[in-house]
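Keep in mind that the numbers below use all heavy atoms, side chains included, and drop hydrogens, waters and symmetry copies. Chain letters run A, B, ... following the sequence lines, proteins first, then strands; residues in each count from 1.
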Number of protein chains: 2
Amino acid sequence: MAQEKKVTIKDVARDAGVGLGTVSRAINGSANISLETKQKIFESIKKLGYVPNQTAQSMRSNKYRSIALFVNISNVAFAQIAKGIQNELDYSGYTLSLCDVGERDAAGKIDSFLAGRKFDGIILSVPREDDEQLHKVLSKVSVPIVTLDRDVPGVAGGVVIDYSHSVKRATEYLLSLGHEGIALISGSGKIRPTRISVAAFKEAYEAAGKKLDSARIIEGGFTSDIGRNVMLDLLPDIQRGSVTAVISLNNQMFHGILQVMRENGLEYPKDLSIITVEDYELTKLLNPPVTVIRRPLLDIGAGVARVLLQYIEKPDMYGKQNPLSIPTEFIIRESCSKR
Amino acid sequence: MAQEKKVTIKDVARDAGVGLGTVSRAINGSANISLETKQKIFESIKKLGYVPNQTAQSMRSNKYRSIALFVNISNVAFAQIAKGIQNELDYSGYTLSLCDVGERDAAGKIDSFLAGRKFDGIILSVPREDDEQLHKVLSKVSVPIVTLDRDVPGVAGGVVIDYSHSVKRATEYLLSLGHEGIALISGSGKIRPTRISVAAFKEAYEAAGKKLDSARIIEGGFTSDIGRNVMLDLLPDIQRGSVTAVISLNNQMFHGILQVMRENGLEYPKDLSIITVEDYELTKLLNPPVTVIRRPLLDIGAGVARVLLQYIEKPDMYGKQNPLSIPTEFIIRESCSKR
DNA sequence: ATGAAAGCGCTAACAC
DNA sequence: GTGTTAGCGCTTTCAT
């Protein structure tokens with residue numbers, strides 16, 4: 001915690017024997033400046049160890065080199081996504097600010113976080129899309145906002161994850177194994193990935209010409225406790241044999257599901273076939289290894305950052321581009337068996 | 001992305017019929033101001049929807065309501081720690097800025113991140129403590145820095161995790177089970193948790209009056225690949241029976257270890273007893289459940305944030321306080337057997 | 001091409 | 001107590 005001597009643009013100007021504005025122009029790569037003065041200035045800058053004060057720059061220019069990320073930080077997938085965003089941002093010198101929106105009152109948290117604070121752009125992933133309060137908060141924001149696999153009216157899509165293909169394949173796979181009673185346990189019903197997945201699930205049933213009991217589509221959530229409860233409810237059906245397979249669309253939930261199975265002496269794939277979304281490789285190390293739907297988390301982060309950066313640079317393009325669609329992968333391991 | 005009409009302190013002053021400074025005083029809860037003018041001002045503020053411009057505030061006051069977090073974001077533990085930090089920061093209205101230091105050139109990343117940017121404080125967790133470059137970078141910083149379970153010369157400790165007790169207990173436990181050849185696979189050798197754990201490991205051996213083959217203390221790292229390699233090296237000793245138990249001090253590494261076991265038909269606890277650090281509950285769901293050392297990640301985050309906040313408020317206290325020590329928990333499950 | 005000067009919105013020092 | 005004023009460090013006219 002040493003003392004930092006602060007050298008300002010003034011010092012540079014004096015040292016280089018030029019005016020304030022000229023130094024500014026040099027820094028910002030302005031056109032109207034001769035090569036020699038430029039050189040002279042950069043020498044002084046180096047000599048004095050000058051670093052522009054970003055706060056002052058921001059105040060004057062309304063650029064902040066900073067973007068805000070709103071997510072539910074409890075979601076384990078988030079860390080990798082954040083890393084992907086960082087990687088992309090590093091190139092362009094932006095800072096990432098983090099805000100946990102949690103599960104409840106996301107709008108309130110976003111609002112107070114944003115109050116008076118300045119960012120050049122925002123990446124948004126909320127637990128509910130149909131949040132009036134949220135829309136109100138976001139409508140006050142004057143910088144580009146981009147969603148992370150969410151459909152929020154008035155907000156441009158940044159990245160969408162294509163669960164459709166994988167969920168369909170997973171369902172077909174289970175169907176082909178002879179399962180008829182497949183329970184799809186989604187996350188919250190109010191977000192895009194759930195809608196997409198449910199639709200794909202239905203499609204697969206239709207394509208196979210089988211009829212789907214809509215009670216088999218269960219709205220879950222983001223926690224292992226919810227997984228527990230859903231699974232507890234499902235237990236009778238499983239024991240009766242009317243449910244023989246489960247697809248879990250969230251990793252935390254999957255933990256709860258596994259726990260209930262364990263507690264009730266249910267083994268996979270013998271007593272129940274299971275498929276989940278993969279957030280980290282431990283699913284592969286479970287015994288037996290679990291069949292999963294994998295999302296390329298790093299790519300998702302990098303992608304959403306790139307889209308946002310683009311909108312920041314070209315504000316009039318805002319919302320005029322389709323969100324980046326990121327594919328998922330269906331990986332068959334050993335958690336499902338013939339019926 | 002609507003238009004935000006910006007109302008400034010000037011507007012408020014005019015509306016309330018007072019001077020600029022008075023409004024400022026009202027906002028900042030200054031003493032010298034009468035209740036009625038204060039009330040009048042807050043009415044105007046509400047009426048006009050005034051929100052102070054933080055950038056301008058920062059520039060003038062050198063306070064930023066912002067703290068920086070430097071971590072290796074690939075570490076899964078980090079997400080929960082970050083949440084703990086956030087929780088604490090929310091109370092005081094600080095923003096968290098995230099910077100991934102990765103594995104290599106942490107100093108460089110920190111340097112460029114910090115360049116010209118302003119924070120009120122920094123939370124630091126680096127992959128190596130003995131980094132000359134790092135010390136140089138940090139010595140230029142003029143705000144409180146606090147470490148997350150690291151010993152960095154010249155930097156105040158924020159939080160230290162007390163692995164000592166748990167590692168000792170884990171070792172004693174293994175020893176009591178009849179294991180003599182216990183391999184301790186640590187993280188990088190250049191960080192505090194490794195030093196602490198190795199010392200505790202040795203102590204346990206000494207206390208039991210057994211002699212420890214120092215080749216059994218193995219420096220690992222932060223990735224599952226390193227875990228793989230270490231385990232591959234260990235394989236002959238395991239098969240020969242000179243190593244019968246493994247303690248892994250890192251979760252990613254543990255994945256690699258498990259993989260190698262799987263690939264070589266080794267089962268725990270039958271062929272090898274294993275203990276690891278727990279970062280998420282999936283270790284409990286492995287079959288059999290794994291005996292672990294658990295760290296309270298949320299508390300760690302909250303703790304380090306609190307310590308930093310304290311130093312920010314009382315800069316002259318900087319470094320004069322002991323780091324907060326956070327206990328760990330040793331949880332016996334079913335991954336170790338008698339020898 | 002470059003210097004001078006006017007603020008960005010705010011806080012703090014100084015008057016009264 | 002409260003108004004006025006001088007900047008914080010920078011970018012951006014506006015002259016030249």
J.: Please report the interatomic distance CG(A:Leu134) to NZ(A:Lys109), rounded to the nearest 0.5 Å.
T.: 13.0 Å

J.: Can you list every pair that meets salt bridge (Lys or Arg N to Asp or Glu O under 4.0 Å) and has a residue in residues 24-51 of chain B, with sequence neighbours left out?
T.: B:Asp15-B:Lys47

J.: Does the pair B:Lys140/B:Asp111 count as a salt bridge with the N-to-O cut at 4.0 Å?
T.: yes

J.: How does protein contact run along nucleotides 1-8 of chain C, one letter per nucleotide 5' to 3', with B for base contact, S for sugar-phosphate only, - for none, heavy atoms under 4.0 Å?
T.: SBBB-BBB

J.: Using atom types as modelled and distance alone, determine if a side-chain donor or acceptor of A:Asp120 lies under 3.5 Å from a backbone N or O of A:Ser66.
T.: yes

J.: Are B:Asp151 and B:Thr147 linked by a side-chain donor-acceptor pair shorter than 3.5 Å?
T.: no

J.: Whole angstrom is fine here: how far is it from CZ in B:Arg65 over to P in C:dG9?
T.: 22 Å

J.: For DNA chain D, note the earliest and the latest nucleotide, 5' to 3', having some atom under 4.0 Å of a heavy atom belonging to chain A.
T.: D:dG9 to D:dT13

J.: Under a 4.5 Å cut-off applied to non-hydrogen side-chain atoms, are A:Ile9 and A:Tyr50 in contact?
T.: yes

J.: Would you say C:dG9 has OP1 or OP2 under 4.0 Å from some side-chain N or O of B:Gln57?
T.: no

J.: Tell me whether the centres of the aromatic rings in A:Tyr64 and A:Phe119 are closer together than 6.0 Å.
T.: no

J.: Looking across every strand, which nucleic acid part, if any, lies under 4.0 Å from B:Asn62 by heavy atom: base, sugar-phosphate, or nothing?
T.: nothing

J.: Using modelled atom types only, decide if a donor and an acceptor are shared between the side chain of B:Glu129 and the backbone of B:Arg192 within a distance under 3.5 Å.
T.: yes

